[in-house]
*Asks:* 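Have a look at the structure that comes next, please.
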Amino acid sequence: MTETGAFMRRDRSWHPPAFAPGYKSTVLRSPRRALLSVEQSIGDLAGPVFGQEIIDPLDHDLIRNCAADGEAIGERIVVHGRVLDECARPVPKTLVEIWQANAGGRYRHVNDGYLAALDPNFGGCGRVLTDAEGRYAFRTIRPGPYPWRNNGSDWRPAHIHLSIFGEAFAQRLVTQLYFEGDPLIPLCPILNTIADPAAVDQLTAKLDMGEMEPFDSLAYRFDIVVRGRRSTYFENRPEGN
Ligand SMILES: [Fe+2]
């Protein structure tokens, strides 16, 4: 028998407003007219579909998956957690992808002109499928903070971008995780568009000494709730999901 939880009404105040002048990009990109509903097509539901067989055993290990002649430089960490639905049931076999800056705060991307050096042994991308209990884990380097043009030079807290693919591309959810105790979190103009401190806390990975690897890596735990009242905030679903 399938267990179902209590109905949890969507809380629209959980998500930040589309127009938040402190985060300047929202001024031009926020809608000025009422939103329209667009019917889903069979193309939205049927494809493209991710082929699970193309996952490489090293894809989850950013310390080694792009290494040239050594290992990535920086603070070695494990980032792990579970993907859960609105009733705290695990979401198995879903693709979790991450991308991030290196230890100096620099992305390996043509548009990143930050003066911090690239790391020849760090690509900054990884992916993994959740197991039967919805668990995922990455080995990586703690990313550095980096400056960006908003109000002069603002600084992004250390963060990792993260995507949950779902069963079709139309379901893809995108968010960012931050690190417990980072003093840049309360200063971030992007995070400050989120009104409820509990929603920010849900985006903050917690130090997890129980999962650290002795003489190797610290561990951080980050659970992801894909739907419902306790949903993680997803930046590609500002209206809620
Ligand atoms: Fe970023």
Side-chain angles (χ1 to χ4, degrees), residues 15-16 18 20-30 59-63 65-66 72-81 83 95-128 136 138-165 172-194 199-207 218 220-224 232-238:
H15 286 253
Y23 176 14
K24 286 191 174 174
S25 301
T26 68
V27 174
L28 290 178
R29 77 181 182 203
S30 53
D59 279 356
H60 75 287
D61 187 347
L62 284 73
I63 295 176
N65 69 10
C66 199
I73 295 170
E75 181 183 331
R76 300 160 70 93
I77 58 171
V78 171
V79 174
H80 76 103
V83 181
L95 179 70
V96 182
E97 299 169 286
I98 62 171
W99 59 101
Q100 63 167 95
N102 67 19
R106 172 90 179 264
Y107 285 97
R108 184 177 290 278
H109 190 277
V110 66
N111 290 339
D112 190 343
Y114 182 35
L115 53 79
L118 285 172
D119 180 345
N121 292 310
F122 189 73
C125 300
R127 58 186 179 175
V128 72
Y136 73 92
F138 292 96
R139 296 177 76 229
T140 188
I141 295 296
R142 180 171 168 139
Y146 59 78
W148 60 298
R149 295 182 197 286
N150 186 55
N151 294 303
S153 176
D154 284 315
W155 287 80
R156 297 297 334 274
H159 63 279
I160 295 177
H161 297 268
L162 193 142
S163 152
I164 315 297
F165 198 89
R172 190 180 187 218
L173 298 169
V174 179
T175 191
Q176 299 177 39
L177 74 81
Y178 301 85
F179 293 89
E180 179 179 19
D182 187 337
L184 291 172
I185 289 175
L187 306 180
C188 177
I190 295 178
L191 275 172
N192 283 339
T193 64
I194 301 173
V200 176
D201 189 60
Q202 268 198 323
L203 297 177
T204 307
K206 305 299 188 296
L207 182 67
L218 284 174
Y220 287 85
R221 178 167 184 137
F222 185 70
D223 290 337
I224 302 151
T232 303
Y233 167 59
F234 296 105
E235 61 200 41
N236 66 325
R237 292 282 191 278

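Counting starts at 1 for both ligands and their atoms, following the listed order.
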*Asks:* For a side-chain contact (heavy atoms from CB on, under 4.5 Å) with Phe179, tell me which candidate from Ile160, Leu218, Leu207 qualifies.
*Replies:* Ile160

*Asks:* Between Tyr233 and Gln202, is a side chain to side chain contact (heavy atoms under 4.5 Å, CB included) present by the stated rule, with each step listed?
*Replies:* CA-CA 8 Å; Tyr233 167 59; Gln202 268 198 323; over 6 Å; no

*Asks:* Out of the candidates Thr175, Val83, Ile164, only one should pair with Thr232 under the side-chain contact (heavy atoms from CB on, under 4.5 Å) rule; please name it.
*Replies:* Thr175

*Asks:* Tell me the protein N, O or S atoms under 2.8 Å from the Fe ion (ligand 1), in chain and number order.
*Replies:*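 Under 2.8 Å from the Fe ion (ligand 1) - ignoring waters, which are not counted - the protein N, O or S atoms are Tyr107 OH, Tyr146 OH, His159 NE2, His161 NE2.
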
*Asks:* Just how far is it from atom CD1 of Ile73 to atom CG of Asp119, taken to the nearest 0.5 Å?
*Replies:* 4.5 Å

*Asks:* Could you tell me if the side chain of Tyr23 sits less than 4.5 Å from the side chain of Asp154, heavy atoms only?
*Replies:*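 A side-chain contact is absent here, since even the closest heavy-atom pair is not under 4.5 Å.
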
*Asks:* Pro157: what forms a side chain to side chain contact (heavy atoms under 4.5 Å, CB included) with it, not counting sequence neighbours?
*Replies:* Tyr178, Asp182, Leu184, Ile185, Cys188, Leu191

